[in-house]
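Order of the sequence lines fixes the chain letters, A, B, ..., with proteins taken first and strands second; residue numbering starts at 1 for each chain.
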Amino acid sequence: MNGDYRDQFDALERSWQERWERERLWSAPQRPTGRKYYALEMLPYPSGRLHMGHVRNYSIGDAVARFRRMRGDAVLHPMGWDSFGMPAENAAIQRGIPPAKWTTDNIATMRAQLRRLGFGYDWGREIAAHRPDYYRWNQWFFLRMLERDLAYRSRREVNWCDSCKTVLANEQVEGGKCWRCDSVVGKRELDQWFLRISRYSEELVAGLDRLPAWPEAVRSIQENWIGRSIGAIVRFPLVAAGGDSAADGIEIFTTRLDTIYGATFSVVARGHPILARVPAGSPQAAALEELRREVAARREQGHEEETAKRGVDTGLQVRNPYSGESIPLWAGNFVLMGYGTGAIMAVPGHDERDFEFATRYGLNVRVVVESRAGSGTIPPRRDAGGIPTAAMTADGVLVNSGPYNGLGSATARARMVADGAKDGRARESIQYRLLDWGISRQRYWGTPIPVLYCDRDGVVPVPDQDLPVILPEDVPLTGTGGSPLAQSASFVTTTCPRCGGSARRETDTMDTFIDSSWYFYRYCDARNTKAPFDPAIVAAWFPIDLYIGGINQAHLHLIYARFFTRVLRDLGLVTFDEPVVQMMCQGMVLKGGTAMSKSKGNIVDPDELIRRYGADTTRLFTLFAAPPEKDLEWDDQGVEGCFRFLERVWRLFAPRASALAAARDPGPKDGADEPRRAGLRRKVHRTIQKVTHDLDRRLHLNTPVSSLMELLNETADVARQERAGDEPYLKEAGRTLALLLQPLAPHVSEALWEGMGGSTSVLKEPWPEADPFWLTEDEIDLVVQVNGRLRGHVRVAKDAPEADAVSRARADARIATHLEGKDLRKTIYLPGRLLNLVVQ
RNA sequence: GCCGGGGUGGCGAAACUGGUAAACGCAGGGGACUUAAAAUCCCCUGGCCUUCGGGCCAUCCGGGUUCGAGUCCCGGCCCCGGCACCA
């Protein structure tokens, strides 16, 4: 250990990386015995090269993994590749590189980058989604879901990205645009495979309350996304020509049953089955057809829903089962077939949308809820003729509501649904915004969906023993649309396992979010060829103690992962509901105030940083510059600062390393009577305490770096005036620094440790423990306040009686001036901390 | 509009459960070393006033609770994120 840090960090880092791998230090046991820790970071898509977001994510995870390792936990810290997806296919289309080659080349590059950063992964558990030994289990899970009616085929309107030529799940449409290519998403009606995530809506939303160590933002996003509404379904019978209630009718969903006496019309979605009752050839039928055509055309082009509400009077009438009144039935563009029952009762007096619609078409507005006196809600605004000019949407007191007059809204809702339930008019209902997960993709680079179509037997699942259905390689990729697999005759043509006749394979592939919905289980038992994993091994490693990734996955991957876990539970493969105990969402890495991107030209290249400063500096800066969950503004000079810190560590300890290695360790209370040595020892032990607390309980990674900088500064102060006999104390400081640095700058940590006599990797050393003796002092500087304002300090014993502290304070000249001529009314005394003198 | 998260020096940020606001770092200023520069090392750096002892004002704004509030409560402003014809 000598020479300049600058000249040797590269060789030093590489040699320790080799040593970690040679000694297999990150190889986790097949099954942990004793305390375990599963540290997981979101697996990367192999896009080509690592970006700073990856570096930040993985630096945080590696710091925690190294810390836990030194604390003695069996640590599982795996890495893998989310390697199915469209960029690979686009590379093939644009540059003629086979997707598999593009993908494996990128993986090789990025794996080398991860190694060069020194991240401690158990590479023996590496997985890649595009490999048949992984995706066969996607197929296996799909078949299990098919058996349980959790996977089903349905024709419905789906999101269509015309640029990506594929269907998108709702979760993958952001603000009406494709999450991947940002082009406008339209609607198409297609036959698709769906996973019945809606069966778990209630569980998924209720389970959020049992995730206290998840960020509030993630829970809130998921809650909004699932969108639970409590209300009632009410049956409105159709009014027959003669005025009687007909046998059929419509069901509406409402959260405001208390306003039902104000329903002056009803509106159904343009695809509602009741519209079959509109007489063919009637003017209403023609108008309806016109509405459908217009809306469909606009939607296909990606104009989501129009802002203007439009509708057609169907000429049909339905009967309000509470008031008995007959009201007109309309079809409207703003009612969605996919939510609730596809039909609403319209209460324009108390609902803004209904009011807008009623105003446009001159329909009646009736007030049935008045604001409660003194409630602070605004009463319905009315024009001179007493006609409301806006909807009053707040709860209040019922009027014009027959037997329910005078009741509060909440009471009325409860009573009305109970009354309705008795005679079948209404029933309580909870609706969710969350729709089933459409997983069919008309693309090549994904998991083949393991079903086939037989003319005789219909949809036939591929038998388990025929898995995996291998993704064929002889497929022309043109990007012109349609499922590429349909072009491979040898793939499509097969025989039906039931009748032996000819059959066609499904040519769509699975959404790649399937791949990442269960990969964290596979890590536990990554080479299992008989099953996706051994439940006993998963039981030993789970749950994931800490999962780190971007918050942009909150309503995507993080919901799918929770859904899959529940499916696995129902399959008997796991015994818990939630896979992740603690979730951390790291902030973005910005430069110049915006996210790094090629188009903005503000990219910082990890390789360049490693070349100039090394992995330790790169990691240290990403940890130091901001707390993990906040966005990090890149600062080239800040990076220099972190490099300087490591240089200073080196300069302080390298020249004296062998002397310190030879020095004895200080005894428990050695140096206690010498202020500079005692001061240094106190700093050492306080630093241990602070760093441990921040890493263990708070997961703050920026403050430990600060603490270690402080320790270095104080050690340097002592060393500057070094005296004979200081070696044991400098040794303690240096060795402690080496140990505490391991999670943050592991290579320097190892070199320091070795230089000062360590014979093994720091990873095998126990995490240091603070000695309580050095955490307290007998005499302390007591803070003295007068009326809550700092006026000075007095030196007293740490447990001095109050009277002593007060008399010492009075004796202080400065404090005394603030007490002069005033009465001491009260004293607040916290021994060892603070004295507040309240005077008047 | 609804839901969530935030506003602390020139900048990134500290401040554990209410107890010395601004630790640590960056930038800036001054000094040492040097023929010089770089590097390194040391000191200073929230604002205003000062008789150089210190005093006053400061954590988005306005109130409140408290001996004491960046931290707790009420009201408001601004920024960021999510959802948004969801009945």
Study note, to complete from the structure: With the side chain defined as heavy atoms from C-beta on, K826(A) is closest, among A13(B), G19(B), C67(B), to C67(B)
Exercise for review: Please measure how far the P atom in C26(B) lies from the corresponding atom in A32(B), and state the result in whole Å.
Suggested key: 22 Å
Study note, to complete from the structure: Separation between CD1 (I780(A)) and NZ (K798(A)), nearest 0.5 Å, reads 9.5 Å
Review point. Contact class for N224(A) vs. all strands (heavy atom < 4.0 Å): base, sugar-phosphate, or nothing?
Key: base
Exercise for review: Measure the distance from CZ on R353(A) to P on C2(B) and round it to the nearest whole Å.
Suggested key: 15 Å
Check your understanding: Which is true for R697(A) with a 4.0 Å heavy-atom rule: it touches a base, it touches only sugar-phosphate, or it touches nothing?
Key -> nothing
Check your understanding: Just to confirm, is there a sub-4.0 Å distance from OP1 or OP2 of C86(B) to any side-chain nitrogen or oxygen of Q431(A)?
Key -> no
Review point. CD1 of I221(A) versus P of C80(B): gap in Å, rounded?
Key: 16 Å
Revision key, fill the gap. Contacts of G641(A) and V335(A) projected onto RNA chain B by closest heavy atom; the upstream (5') one is G641(A)
Practice item. Pick base, sugar-phosphate or nothing for N702(A), based on heavy-atom distances below 4.0 Å to the nucleic acid. Key: sugar-phosphate
Practice item. Write down the distance between CG (N713(A)) and P (C26(B)), rounded to a whole number of angstrom. Key: 10 Å
Review point. G54(B): syn or anti, with syn meaning chi within 90° of zero?
Key: anti
Exercise for review: Count the heavy atoms of every other residue, nucleotide or ligand shown that sit under 6.0 Å from CD of E769(A), and state whether that count exceeds 12.
Suggested key: no
Review point. Out of U40(B), C42(B), U20(B), which has the shortest distance to the side chain of E647(A)?
Key: U40(B)
Exercise for review: Using a 4.0 Å heavy-atom cut-off across all strands, classify R825(A) as base, sugar-phosphate, or nothing.
Suggested key: nothing
Review point. Should C24(B) form a Watson-Crick or G-U wobble pair with both distances under 3.5 Å, which nucleotide is its partner?
Key: G12(B)
Review point. Within 45° of the six-membered ring axis of W225(A) and under 6.0 Å from that ring's centre, is NZ or CZ of R433(A) located there?
Key: yes
Exercise for review: Return the nucleotide paired to C72(B): Watson-Crick means purine N1 to pyrimidine N3 with N6-O4 or O6-N4, wobble means G-U with N1-O2 and O6-N3, both under 3.5 Å.
Suggested key: G64(B)
Revision key, fill the gap. Note: Q553(A) and H557(A) closest approach over all heavy atoms is OE1-CB, 3.0 Å
Check your understanding: So what does E633(A) touch, heavy atoms closer than 4.0 Å: a base, only the sugar-phosphate, or nothing?
Key -> nothing
Exercise for review: State whether R219(A) places a side-chain N or O below 4.0 Å from either non-bridging phosphate oxygen (OP1 or OP2) of G82(B).
Suggested key: no
Practice item. Just call it for P215(A): base, sugar-phosphate, or nothing, with non-hydrogen atoms closer than 4.0 Å on any strand. Key: nothing
**Study point:** Heavy atoms from other residues, nucleotides or ligands near CZ of R651(A) exceed 12 (cutoff 6.0 Å)
**Key:** yes
Review point. So, N320(A) side chain and I260(A) main chain: donor-acceptor pair closer than 3.5 Å or not?
Key: yes
Exercise for review: Identify the nucleotide, in any strand shown, that forms a Watson-Crick or G-U wobble pair with G4(B), with both distances under 3.5 Å; if there is none, say none.
Suggested key: C80(B)
Practice item. Select base, sugar-phosphate, or nothing to describe what R791(A) touches, counting heavy atoms under 4.0 Å on all strands. Key: sugar-phosphate
**Study point:** Whole-angstrom distance between A69(B) and G62(B), as gauged at atom C1'
**Key:** 15 Å
Practice item. Report the distance from atom NE2 of H693(A) to atom P of A15(B), rounded to the nearest whole Å. Key: 11 Å
Exercise for review: Specify the glycosidic conformation (syn or anti) of G53(B), with syn defined as within 90° of 0.
Suggested key: syn
Point to revise | Presence of donor-acceptor pair under 3.5 Å, side chain of N836(A) and base of C67(B) | key: yes
Practice item. For U71(B) and U65(B), measure between their P atoms and round to the nearest Å. Key: 15 Å
Point to revise | By ring pair (Phe, Tyr, Trp, His ring centres under 6.0 Å) - contacts of Y560(A) (at least two apart) | key: W437(A), F513(A)
Review point. NA contact type, R6(A), heavy-atom cut-off 4.0 Å: base, sugar-phosphate, or nothing?
Key: nothing
Exercise for review: Look at the side-chain N and O atoms of K690(A) and state whether any lies under 4.0 Å from the OP1 or OP2 oxygen of C16(B).
Suggested key: no
Check your understanding: Should R433(A) be listed as having a side-chain N or O under 4.0 Å from OP1 or OP2 of A87(B)?
Key -> no
**Study point:** d(CZ, R720(A); P, C43(B)) in whole Å
**Key:** 7 Å
Check your understanding: Should H350(A) be listed as having a side-chain N or O under 4.0 Å from OP1 or OP2 of A87(B)?
Key -> no
Point to revise | Sugar-phosphate, base or nothing in reach of Y432(A), heavy atoms under 4.0 Å | key: nothing
Check your understanding: CD1 of I828(A) versus P of G19(B): gap in Å, rounded?
Key -> 14 Å
Check your understanding: Between C67(B) and R789(A), is there an OP1 or OP2 to side-chain N/O distance shorter than 4.0 Å?
Key -> no
Exercise for review: Taking only the side-chain nitrogens and oxygens of S707(A), find out if one of them lies under 4.0 Å from OP1 or OP2 of A23(B).
Suggested key: no
Exercise for review: Can you tell me the pairing partner of A38(B) across any strand shown, Watson-Crick or G-U wobble, with both distances under 3.5 angstrom?
Suggested key: none
Check your understanding: Using a cut-off of 4.0 Å on non-hydrogen atoms, how would the nucleic acid contact of R814(A) be classed: base, sugar-phosphate, or nothing?
Key -> sugar-phosphate
**Study point:** Nearest to side-chain heavy atoms of H700(A), which nucleotide of C83(B), G12(B), A15(B)
**Key:** A15(B)
Review point. Which part of the nucleic acid, if any, lies within reach of V784(A) when heavy atoms closer than 4.0 Å are counted: base, sugar-phosphate only, or nothing?
Key: nothing
Review point. Does the base of G1(B) carry an N or O that pairs as donor and acceptor with the side chain of E352(A) under 3.5 Å?
Key: no
Practice item. Side chain of Q637(A) only, please: which of C26(B), C86(B), C83(B) is the nearest? Key: C26(B)
Check your understanding: Looking at F334(A), does the NZ or CZ of K309(A) lie under 6.0 angstrom from its six-membered ring centre and within 45 degrees of the ring axis?
Key -> yes
Exercise for review: Considering only atom C1', compute the distance from C73(B) to G25(B) and round it to an integer number of Å.
Suggested key: 36 Å
Practice item. Nearest-nucleotide wise, let me know which of E710(A) and L830(A) is further upstream toward the 5' end of RNA chain B. Key: L830(A)
Check your understanding: Base, sugar-phosphate alone, or nothing: which one does G227(A) contact when heavy atoms must sit under 4.0 Å apart?
Key -> nothing
Check your understanding: How many Å lie between CD1 on I230(A) and P on A87(B), as a whole number?
Key -> 11 Å
Review point. Between atom CD in E629(A) and atom P in G6(B), what is the gap in whole Å?
Key: 10 Å
Review point. So F9(A) and W650(A), side chain to side chain contact (heavy atoms under 4.5 Å, CB included) or not? Walk me through it.
Key: CA-CA 10 Å; F9(A) 66 78; W650(A) 194 266; over 6 Å; no
